[in-house]
Amino acid sequence: MATRDEQNRDVSLRKFSLDIRPLDLDLTLGCGQTFRWRKLPDGSWRGPVSDQLVTLKPNGKTVQALVKPGRRDADDLVSNYLRADDDIDRIQRVLGRDKILARGMRDVRGLRIVKMDEWECLVSYLLATFANIPRISGMVETLAGKYGKDIADGIKTFPRRAQLGKASERDLVRCGLGYRAGYLAELRDTVDDRRLEDLTRMDYRELRGELLELPGVGEKVADCVSLFGFGKLEAFPIDVWMERALSRLYGQKGSYRRLREFAGERFGQYAGYAQEYLYYNERLRFPRGECCFSDKTRR
DNA sequence: GCCCAGGAGTGTG
DNA sequence: CACACTCATGGG
């Protein structure tokens, strides 16, 4: 029987150091922006990046990465995923002009926005509607388990559009997707790879408009996909937690449009980072309820 | 059992 | 524009 840290002992794995600073794996991979990473008992994190299973382990001020050998660009793959080029000092300097934000920001300098695969991000946040994070995680894993390709140690890739093509809507309902199954089936039949490719060349404003045309994609999902899938740092997704944070800290209430315009003016080009800081802080205030970030190892 | 969730779609005032 | 209602379900 394979133990779950078997990969860590496998001498055939390639090991390299990632010098991305600041970087806090617990904050970045456990804060709810991405759904497939798991924290292992030894404190490292394991998850799939594209078709590559990656294990990341804090090592002093850097991070040690373990991957299967053979893929020479794994370093770039992971660096891109963790947005190594984001200048956190600059981002926090700009956002820190907001004194309300500045207060809690310093404690989470290692929280980085991730750059997910566009398709995986789009589907994940389509499923995320009206569900909590553990459940989103469960739906994504069920989909991967049924329709993804095996990578290693029972971990599967996130299924591409063509792989989901084998599933009927009824099959998708059986994955526990509920009413989301219909949206996913429709999305799968609407968005092909060329369309996704086109979207990568658009600016945020145009991209957002195009995403809103997709079935099951409203303003919140469009902003999450813009931010975490297409790397548009000016996007500012607003869910129930963000409504609470904006109300509590800034006295701002109202429609999505109104709140988004407030955030755009207040936080500008790095609104996405501001959103993650506020989101993290707001959820931290309510430790009861769903799993809380880093210290829970599921499954 | 009860409550809530990284909402969207549709209809109405 | 703004609301109100419905949608289906698992995890806390």
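So you know, we letter chains A, B, ... as the sequences are listed, proteins then strands, and number each from 1.
- Of the listed nucleotides (B/dG7, C/dG12, C/dT9), C/dG12 has the atom at the smallest distance from the side chain of A/Pro134.
- Nucleic acid contact for A/Met139: none, since no nucleic acid atom lies under 4.0 Å from a heavy atom of the residue.
- Nearest nucleotide to the side chain of A/Thr129, out of B/dA5, B/dG9, B/dG7: B/dG7.
- Nucleic acid contact class of A/Glu282 (heavy atoms, under 4.0 Å, all strands): none.
- What separates CD of A/Glu141 from C1' of C/dG10 is a distance of 16 Å, to the nearest Å.
- When the P atom of B/dG7 is taken as reference, atom CG of A/Leu214 falls 18 Å away, rounded to whole Å.
- Straight-line distance between the P atoms of B/dG6 and C/dC5: roughly 23 Å, to the nearest whole Å.
- Of the N and O atoms on the side chains of A/Asp86 and A/Tyr273, at least one donor lies less than 3.5 Å from an acceptor on the other residue.
- Of the possible polar contacts, none joining the A/Arg180 side chain to the A/Leu126 backbone as a donor-acceptor pair under 3.5 Å is found.
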inquiry  = For a side chain to side chain contact (heavy atoms under 4.5 Å, CB included) check, start with the C-alpha distance between A/Asp117 and A/Val49, then their side-chain angles and the critical distance, and finish with the verdict.
reply    = CA-CA 8 Å; A/Asp117 170 81; A/Val49 180; over 6 Å; no
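- Put simply, CZ on A/Arg283 is 13 Å from C1' on B/dC4, counting in whole angstrom units.
- Residue A/Glu186 contributes atom CD, which lies 12 Å from atom C1' of B/dA8 at whole-angstrom precision.
- A salt bridge does not link A/Asp193 to A/Arg161: none of the charged nitrogens lies less than 4.0 Å from a carboxylate oxygen.
- Look at A/Asp203 and A/Lys232 and you find no salt bridge, because none of the NZ, NE, NH1 or NH2 atoms lies under 4.0 Å from a carboxylate O.
- Between A/Phe267 and A/Tyr250, the angle of the ring planes goes over 60°, which puts this pair in the perpendicular group of the 30/60° scheme.
- Judged by closest nucleotide on DNA chain B, A/Arg180 is the one of A/Arg180 and A/Pro215 placed further toward the 5' end.
- When the P atom of B/dA5 is taken as reference, atom CD1 of A/Ile133 falls 11 Å away, rounded to whole Å.
- Counting only heavy atoms from C-beta on, A/Val173 has its side chain closest to C/dT9 among B/dG6, C/dT9, B/dG9.
- Listed in residue order, the members of residues 249-259 of chain A having a heavy atom less than 4.0 Å from DNA chain C are A/Ser255, A/Arg257.
- Taking atom CZ of residue A/Phe35 and atom P of nucleotide B/dA5, one finds them 15 Å apart after rounding to whole Å.
- Partner of A/Asp51 under the side chain to side chain donor-acceptor pair (under 3.5 Å) criterion, chosen from A/Lys149, A/Arg160, A/Arg71: A/Arg71.
- When the nearest nucleotides of DNA chain B are assigned to A/Gly216 and A/Glu276 by heavy-atom distance, the more 5′-ward of the two goes with A/Glu276.
- Aromatic stacking of A/Tyr279 on B/dG6: satisfied, with centres closer than 5.5 Å and planes within an angle under 30 degrees.
- The separation between A/Ile136 atom CD1 and C/dA8 atom C1' is 15 Å, rounded to whole Å.
- Aromatic stacking is not marked for A/Tyr179 over C/dA8, as the cut-offs of 5.5 Å for the centres and 30° for the planes do not both hold.
- In this structure, the NZ atom of A/Lys220 is 9 Å from the P atom of B/dG6, given to the nearest Å.
- When the side-chain nitrogen and oxygen atoms of A/Arg244 are compared with OP1 and OP2 of B/dA5, one or more of them lie within a distance under 4.0 Å.
- Other residues, nucleotides and ligands place more than 12 heavy atoms under 6.0 Å from the CZ atom of A/Arg201.
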